[in-house]
Amino acid sequence: MTDTIAPAIEPTVTPPRTRPVWPGILSLAFGILTVAGLITGIVLATGDLYLAATYAAWAACGAAVLAVLMGVLALIVRRARAWAVAGIVLGVVACPPLLTAALGGIARLW
């Protein structure tokens, strides 16, 4: 008889599941969209296109709200927190009503 060695059965190791990072990345994307909407609104307002500038400002406000909400969601579930914080900061700093109030407050100091 020949001695044959049976192949060793290795336990199957499942790779660890990757954690989804979409809430944090979406937060950053909406933050960037907020900045883009703000810049678009300012450029349109300087060109005397006030209705289009108003629409751009409202779109920037909506994007800012979504950036903050997605960022908070990402912080709660601990997914892509650095991206989420960047999105929250962009959403808050570039939000037209908050920016107008902040700049008005600074102007009152002078």
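- Side-chain contact between Met70 and Trp22 is present, with heavy atoms from C-beta onward closer than 4.5 Å.
- Considering all non-hydrogen atoms of both residues, Leu38 and Leu99 come closest at CD2-CD2, 3.6 Å.
- Hydrophobic clustering places Ile76 together with Ile88 (ILVMFWY residues linked when any side-chain heavy atoms are closer than 4.5 Å, directly or through intermediates).
- Shown here for Cys61 and Pro97, the closest heavy-atom pair between the two residues is SG-CD, 3.3 Å.
- No side-chain heavy atom of Val93 sits less than 4.5 Å from a side-chain heavy atom of Val35.
- Counting heavy atoms from C-beta outward, Thr34 and Leu90 have side chains that stay 4.5 Å or more apart.
- Nearest approach of Ala74 to Ala84, heavy atoms of both residues: CB-CB, 3.6 Å.
- By the criterion of side-chain heavy atoms lying less than 4.5 angstrom apart, applied directly or through intervening Ile, Leu, Val, Met, Phe, Trp or Tyr residues, Leu103 is not grouped with Ile39; the two fall into different hydrophobic clusters.
- When hydrophobic clusters are built by joining Ile, Leu, Val, Met, Phe, Trp and Tyr residues whose side-chain heavy atoms come closer than 4.5 Å, directly or via intermediates, Ile42 is not grouped with Tyr50.
- Between the side chain of Arg81 and the backbone N or O of Arg79, no donor-acceptor pair lies under 3.5 Å.
- Placement of Val68 and Val89 within a single hydrophobic cluster is found when ILVMFWY residues are connected by side-chain heavy-atom separations under 4.5 Å, directly or transitively.
- At a threshold of 4.5 Å between non-hydrogen side-chain atoms, the residues Leu44 and Leu51 do not count as touching.
- Two different hydrophobic clusters hold Leu28 and Val85 under the rule that ILVMFWY side chains link at heavy-atom gaps under 4.5 Å.
- When all heavy atoms of Ala57 and Pro96 are compared, the pair lying nearest together is O-CG, 3.9 Å.
- Minimum interatomic distance between Ala63 and Phe30 (heavy atoms only, all atoms of both residues): O-CB, 3.5 Å.
- Taking all atoms of both residues into account, the shortest heavy-atom contact from Gly91 to Ala64 is O-CB, 3.3 Å.
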